[in-house]
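Worksheet: the structure to be examined is printed underneath.
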Amino acid sequence: MPTAASPIAPLCHCLNTDKDRALPHEPPSPHWSWDSEWMMPSSISWGLLLLASLSCLATGCLIEDSEESDAPKHDQENSASHRIAANLAEFAFSLYRVLAHESNTTNIFLSPVSIATALASLSLGTKADTHTQIMEGLGFNLTEISEADIHQGFQHLLQNLNKSNSQLQLTTGNGLFIDHNLKLLDKFLEDIKNLYHSEAFSTDFTNTEEAKKQINTYVEKGTQGKIVDLVKDLDRDSGLALVNYIFFKGTLEEPFKADHTMEQDFHVDEATTVRVPMMNRLGMFDLHYCPTLSSMVLKMKYLGNVTAIFIMPKVGRMEYVEDTLTKEFLDKFLKKDYSGKATVHFPKLIISGTMDLKSVLTRLGITKVFSHEADLSGITEDAPLRVSQALHKAVLTIDERGTEDEGDTVKGPMALTLAPEVKFDRPFLVTLYDHSTESLLFVGRVVNPTIH
């Protein structure tokens, strides 16, 4: 519980690493002011891997109540998706670090679940080294877990994510756009439909404008109009396009009030400051300082099974945190609650990340599927096939809206204690975690909230 002598308490007991022991912990002093100190040949058919992800945080949209389900079946589904959770988390951080090391001055936002799901479904049609690289790139050791268990894990992951919920909206979709002259193998179509809930569409890629319109309309509809024109360029020699999207719209348990939002400074770096609309609220927050990461950690829960974790490192420690953060850290944060009174300032923002996954996945060892040596003979035997393009787009929106707010009243003894003031006005990390599947839905870094 915060006191006048301790701005943020209790401290979290983070994991220690050999790398971290070489760096002294820097617990906050009683007078630490975070807001001031922180800172290809014609004979080859091409395939496309297109991924769209959308996260609208703190909005008020609700959907119909879910129907009661059989408990044992629910437990079985959770068990199946939990078996692959650790692998997907490792894949998520590996993917993120590739992007983080490419630039330390840009926003990053992606959906590891979306990318992993698309790759896993594509693997059903791959063979030989092409298949092995995808499985290993996703972090699976086939001597420790069977392919059947992997795909069952994804199947139940998608089933759980797509369940109707009265408190949040979380929807995923998979679309397969197939050249109208190309005959796909029945087994592949059956598997991706049963395991990955994929829809198949006949497409005339020689009419590039109509093909783009068909694909973009599918994504736009699936993301409720939030992601438009995902595909801007399309090769007329394409034979197959695999599209995956994930759409999240949640309601904060404790929303901010719109009339409290005001423009404040956000320190992009030591030389750059931008003005941003900054939300603020005095109330009870799950907020603490993690000495191992030299970071403030803010956990905000959404109605339903989703939690957002925001991590703001001290100035100069972002790279260290990005290299150190693991699923074990997140588990520590998620398992313990640090509830105390505080005034929190948080930027209202919309950030998006559009990336060419080909270069990123290549650095994770997934190379064959993009080359002329690709073996996708499990998809079609009509012509050689490879993935020529892999696109991913993710969008994050954070604003004040949510459930009805009771105001800024803090009841009981806490009202008489000193409330620390913490401003997220420096670059910070964001993760969005789904408890039912134990999966990282989104991972990102906010460097400049004014860049969409």
Side-chain angles (χ1 to χ4, degrees), residues 1-4 6-9 28 31-39 55-60 107 250-268 272-289 295-303 307-315 337-351 396-412 414-432 444-452:
M1 172 178 305
T3 66
S6 178
I8 300 294
H31 307 290
W32 196 341
S33 174
W34 280 75
D35 55 314
S36 61
E37 179 175 351
W38 283 79
M39 119 119 276
S55 176
C56 292
L57 305 188
T59 63
N107 295 337
T251 303
L252 273 175
E253 287 186 357
E254 298 289 341
F256 292 86
K257 297 185 73 173
D259 58 359
H260 288 187
T261 299
M262 61 184 67
E263 279 205 351
Q264 295 184 27
D265 288 341
F266 187 95
H267 305 279
V268 176
T272 308
T273 300
V274 296
R275 298 287 286 179
V276 300
M278 193 77 75
M279 304 179 293
N280 70 88
R281 183 172 69 85
L282 168 66
M284 301 299 291
F285 284 94
D286 192 332
L287 177 72
H288 64 278
Y289 173 75
S295 300
M296 287 301 294
V297 179
L298 172 64
K299 187 168 65 175
M300 292 201 293
K301 295 181 180 179
Y302 290 81
L303 296 176
T307 297
I309 300 175
F310 304 97
I311 302 171
M312 183 172 64
K314 285 192 66 178
V315 173
D337 292 331
Y338 303 87
S339 183
K341 188 178 77 168
T343 297
V344 171
H345 299 254
F346 200 91
K348 179 178 177 178
L349 57 85
I350 299 175
I351 64 168
L396 167 68
T397 299
I398 300 180
D399 61 23
E400 307 94 338
R401 290 172 293 172
T403 54
E404 185 175 348
D405 193 358
E406 295 181 358
D408 292 334
T409 303
V410 181
K411 303 176 182 178
M414 287 294 297
L416 302 177
T417 63
L418 177 65
E421 185 172 21
V422 175
K423 292 185 179 182
F424 274 70
D425 61 353
R426 300 280 179 180
F428 58 88
L429 303 179
V430 54
T431 64
L432 197 61
R445 174 179 69 193
V446 178
V447 175
N448 187 340
T450 67
I451 299 178
H452 297 172

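We count residues from 1, following the sequence as given.
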(request) Please identify each residue that fulfils side-chain hydrogen bond (donor to acceptor under 3.5 Å, both in side chains) with Thr272, with sequence neighbours left out. (result) Asp269
(message) Using the side-chain hydrogen bond (donor to acceptor under 3.5 Å, both in side chains) criterion, which residues pair with Asn448? Sequence neighbours excluded.
(response) Thr450
Non-hydrogen atoms of [X] and [Y] that approach each other most closely:
X      : Y      : answer
Arg275 : Glu263 : NH2-O, 3.2 Å
Leu287 : Ala342 : CD2-CB, 4.0 Å
Tyr302 : Ala308 : CE1-CB, 3.7 Å
Ile451 : Ile351 : O-CG2, 3.9 Å
Asp265 : Asp425 : O-CB, 3.5 Å

(request) Output all residues satisfying side-chain contact (heavy atoms from CB on, under 4.5 Å) with Pro347, sequence neighbours left out; order by chain, then residue number. (result) Phe266, Val276, Met278, Leu349, Phe424, Phe428, Pro449
(message) Taking side-chain contact (heavy atoms from CB on, under 4.5 Å) as the definition, give me every residue that meets it alongside Thr307, ordered by chain and number, with sequence neighbours left out.
(response) Lys299, Lys301, Ile309, Leu334, His435
(message) Keeping Asp286 on the side-chain end and Ser339 on the backbone end, is there a donor-acceptor pair under 3.5 Å?
(response) no
Measure the [atom1]-[atom2] distance between [X] and [Y] for me, rounded to the nearest 0.5 Å.
X      : Y      : atom1 : atom2 : result
Asp399 : Thr261 : CG    : OG1   : 9.0 Å
Thr273 : Gln264 : OG1   : CD    : 12.5 Å
Thr343 : Arg281 : OG1   : CZ    : 9.5 Å
His345 : Met262 : NE2   : CE    : 8.0 Å
Lys423 : Met312 : NZ    : CE    : 11.0 Å

(request) Evaluate side-chain contact (heavy atoms from CB on, under 4.5 Å) for Leu298 paired with Met296, printing each intermediate quantity in order. (result) CA-CA 7 Å; Leu298 172 64; Met296 287 301 294; over 6 Å; no
